[in-house]
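Written out below as structure tokens is the structure these notes cover.
Counting from 1, the numbers follow the sequence of the chain as shown. Remember, it's a predicted structure, so these values are computed and weren't measured experimentally.
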Amino acid sequence: MNAEESLHLEHLMFVEEPMEPGEPRVHAAWLPPEAFRSLGARRVLVHGDGLLVDTVLNEVSRACARYGGRVWHSPSWDVDVDLVLALRGADELPSPAVQAARSAAEAALTEIGGEPLGDEGFLLARDGEVTVVLADAPAGLLYGLFHVVRLCAAAFDPARPPEHHRPALRRRMLDHWDNVAVHPVMGQVERGYAGGSIFWQDGRPRGDLARVREYGRLLAASGVNAISVNNVNVARTEALLLTDRLGDVAEIADVLRPYNIRVHLSITFAAPAVLGGLSTADPLDEAVRVWWAATTRRVYERIPDFGGYLVKADSEGQPGPFTYGRDHADGANVLAEALAPLGGVVHWRAFVYNHHQDWRDRSTDRARAAYDHFAPLDGRFRTNVVVQVKFGPVDFQTREPVSPVIAAMPATRLAVELQVTQEYTGQQRHVCHLGLWWGEVLRFAPWGPGGRTVADIAAGESGAGGGLVAVANVGDDLFWTGHPLAQANLYTFGRLAWDPRLDPRAVLDEWIALTFPPSATAEPELVGRTLHEIMDDSWRTYERYTAPLGVGFMVNPGDHYGPGVDGYEYTRWGTYHFADRDGVGVDRSRASGTGFAGQYPPYWAQVYESPQSCPDELLLFFHHVPYGHVLHSGSTVIQHIYDTHFAGVEEVVAMRRRWQTLNGMIDPAVYERVAERLDEQVRCATEWRDQINTYFYRKSGVPDERGRTIH
């Protein structure tokens, strides 16, 4: 690739204008201008009115200005068009050809079932030479537009059958753990691996609203429709966002609103005392109820489409209702009562456990805590309370079972919480595409094979469930997520939240085609194939060279990066592996352990109860077994540890070698950043291999049957 070609490619892959004078242009992620070529080269009519329709019109106008197409906004005259984006309830069109296409789309909708499109759904259909996107509401038109962009030229294929799209989950939300003021330990973003916050800087709004707007475009194009803009660990400065600094939140909401994204706010449960001057935050105190109602009304006066509150209470030092002898339902309901008349919800996190455990006490089990706290409260939460449950019972590990809480609260709206930011999966220094893992979680059937799935529970009856939520992985880095390939995790979350039935590999195909458009990429088939070879199995590769068989953690305390096999073993956090000279793992059986396995419905309780029936990948999560225990794979536990850790490093070395074949075929800045991160991944994976293998060799005294070097 010569210098002129490199400059042209960079022009196609980055947002055109710098966010601020002197700042680098930000990478365009999955919305580079080139992705709009098929749309922008055509004649387009946008029919309807409203803020989100204006957004559609603006996106189409920019694309057509770049690629030579034309755009009209109805009411219009008799024009020949290739694409109609229309609201069903808008006035009749004066164009006979366009009206015919619209009528044909209505007929197609009836033919494929005639279900309502809803607030966010849309229909895509063909009529002769015209592609039509119909929506009942402006948000549907916006999502329909981005679907056309995703399809590229395929959206204009004459043989394309009608498609009816509507989200399976009503709320598809990202939680930012961004601090307004820099935290002395966690920095500007807690568990952030892509630089500072795009919202806040040194105690003030960052002020880079152009970047926030671009972020809104990316989220809308992937399907996200809600965002919490500050950390769930709420300190004094962040608490003020609810009152004195509400204008800072409103400014963000104003920028994101044109992309159908509602802003939520993390609050401190103690706000009536911290901010309101009351002597208590007791949820059953009348003065507290009045304070929350009045404060919430003021929030909605400033932000009429405000989404609601996110609360972490009585967990890891955050205040909560336990202080006053109340329970989580009492605490959540006082907030829900204030929000209900205004259409808001409270997301109440179920991440509650004793973080002052005695490692010698094997009867205390952090994995049990969420179920023990919340299952007895089922049916007591108001209807606008969403109990937000981590997908696993511990803490976003590379492998852990699905949380039993998800099956234990049928009378409560539940949201399932994932972690896009790679706290325990390589921190965006390692390639670890999480789509396959999330797909497994969403397809998991808590009552046994063939039953309702995690995705079904998150969706709820008639779409009334709590939805899907994830901790965000974006920062102010040039590439949004630090590692350019980590952008795929953010995109995949949005798409799976829209439709959990999607194949994560097909979603990765979408991301590759958008981020590395074939028309802007040398040898696009090779690029796509190589990215799949690197990313498809990368989550399992990461699992192979880190903590084995579901035991979890084994990370350095504090930053959670790199191996620290005993780093948390004798601490207060309840994250133990109990390795000794005879074996390893945590006994969570009913017969002899903590009883955690019994928190599941009967099918899985029976499967997890016995080492003989427990899946290999979760064996050490549920059982303490000898090193010579034979897995279903036929390998012993100790040999599995050795084999997987050697294999994991070999796979990362192969990833790096494959990436090197793309040098000169893609944007040089992307190539260099990924190459740099892969060097670090090879180094760190090697360190994991050597420390894990050495630790278990010295614990067990069992040599590697293949005679490989273990220090």
Is there a donor-acceptor pair closer than 3.5 Å between any side-chain N or O of [X] and the backbone N or O of [Y]?
X	Y	value
Tyr576	Gly574	yes
Asp456	Thr453	yes
Gln318	Asp314	no
Gln681	Val431	yes
Arg413	Ala464	yes
Asn333	Arg380	yes
Ser222	Leu219	yes
His347	Val387	no
Gln357	Asn354	yes
Ser613	Val607	yes

Ion pair [X]/[Y], N-O distance below 4.0 Å:
X	Y	answer
Asp365	Arg588	yes
Arg572	Asp358	no
Lys312	Glu190	no

*Does the ring of Phe578 carry Arg362 above it, NZ/CZ under 6.0 angstrom from centre and within 45° of its axis?*
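So Arg362 does make the cation-pi contact.
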*asked:* Is the positively charged end of Arg166 above the ring of Phe122, judged by distance under 6.0 angstrom from the centroid and angle within 45° of the axis?
replied: no
Quick one: closest heavy-atom pair of [X] and [Y], and the distance?
X	Y	answer
Val385	Ala336	CG2-CB, 3.5 Å
Arg191	His560	NH2-CE1, 3.2 Å
Pro410	Ala407	CD-O, 4.4 Å
Val652	Ala685	CG2-CB, 4.2 Å
Val474	Thr481	CG2-CG2, 4.3 Å
Asp587	Ser592	OD2-OG, 2.6 Å

*Residue from Phe351, Tyr353, Phe322, Trp348 passing ring-ring contact (aromatic ring centres under 6.0 Å, His included) with His373*: Phe322
*In a check of ring-ring contact (aromatic ring centres under 6.0 Å, His included) between Phe553 and each of Trp573, Phe396, Tyr424, Phe621, which one passes?*
Tyr424
Just wondering, are more than 12 heavy atoms of other shown residues or ligands nearer than 6.0 Å to [atom1] in [X]?
X	atom1	value
Asp330	CG	yes
Arg452	CZ	yes
Gln612	CD	yes
Tyr697	OH	no

*Would Trp438 and Val420 satisfy side-chain contact (heavy atoms from CB on, under 4.5 Å), going step by step from the backbone distance to the final call?*
CA-CA 10 Å; Trp438 296 337; Val420 184; 3.8 Å; yes
Please round to the nearest 0.5 Å and tell me the distance separating atom [atom1] of [X] and atom [atom2] of [Y].
X	Y	atom1	atom2	value
Trp511	Arg150	CH2	CZ	15.5 Å
Cys614	Gln606	SG	CD	12.5 Å
Ile406	Tyr371	CD1	OH	13.0 Å
Phe493	Asn489	CZ	CG	11.5 Å
Leu434	Ser538	CG	OG	7.5 Å

With heavy-atom distances below 4.5 Å as the criterion, would you say the side chains of [X] and [Y] are in contact?
X	Y	value
His165	Leu117	no
Leu310	Gln388	yes
Pro548	Met554	yes
Phe391	Glu400	yes
Thr421	Gln428	yes
Arg590	Phe596	no
Ile112	Leu123	yes
Leu414	Val386	no

_Filter on side-chain hydrogen bond (donor to acceptor under 3.5 Å, both in side chains), then keep only pairs touching residues 615-631, sequence neighbours left out; what's left?_
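Applying side-chain hydrogen bond (donor to acceptor under 3.5 Å, both in side chains) to every pair that reaches into residues 615-631, excluding sequence neighbours, yields Asp616-His632.
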*Criterion salt bridge (charged side-chain N to carboxylate O under 4.0 Å, His left out) on Asp704 and Arg706, from CA distance to verdict*: CA-CA 5 Å; Asp704 173 27; Arg706 300 187 182 186; 5.5 Å; no
_Sole residue of Arg171, Arg172, Arg170 in salt bridge (charged side-chain N to carboxylate O under 4.0 Å, His left out) with Glu120_ = Arg172
*Do Val311 and Ile267 pass the side-chain contact (heavy atoms from CB on, under 4.5 Å) test, and can you show the C-alpha distance, the side-chain angles, and the key distance before you say yes or no?*
CA-CA 6 Å; Val311 185; Ile267 60 165; 3.9 Å; yes
*With respect to Arg544, which candidate in Asp537, Asp643, Thr644 satisfies the side chain to side chain donor-acceptor pair (under 3.5 Å) definition?*
Asp537
Using the benzene-type ring in the case of Trp, are the ring centres of [X] and [Y] under 6.0 Å apart?
X	Y	value
Tyr568	Trp359	no
Tyr600	Trp447	no
His430	Tyr542	yes
His328	Phe269	no

*Taking it one step at a time, do Trp498 and Leu169 satisfy side-chain contact (heavy atoms from CB on, under 4.5 Å)?*
CA-CA 6 Å; Trp498 178 278; Leu169 305 177; over 6 Å; no
*Angle class for the Phe622/Tyr608 ring planes (parallel below 30°, perpendicular above 60°, tilted otherwise)?*
parallel
*Worked verdict on Lys699 versus Asp580 for salt bridge (charged side-chain N to carboxylate O under 4.0 Å, His left out)*: CA-CA 6 Å; Lys699 279 281 186 184; Asp580 55 30; over 6 Å; no
*asked:* If you apply the rule side-chain contact (heavy atoms from CB on, under 4.5 Å), what do you find for His433 with Asp536, and how did you get there?
replied: CA-CA 7 Å; His433 182 52; Asp536 277 350; 5.7 Å; no
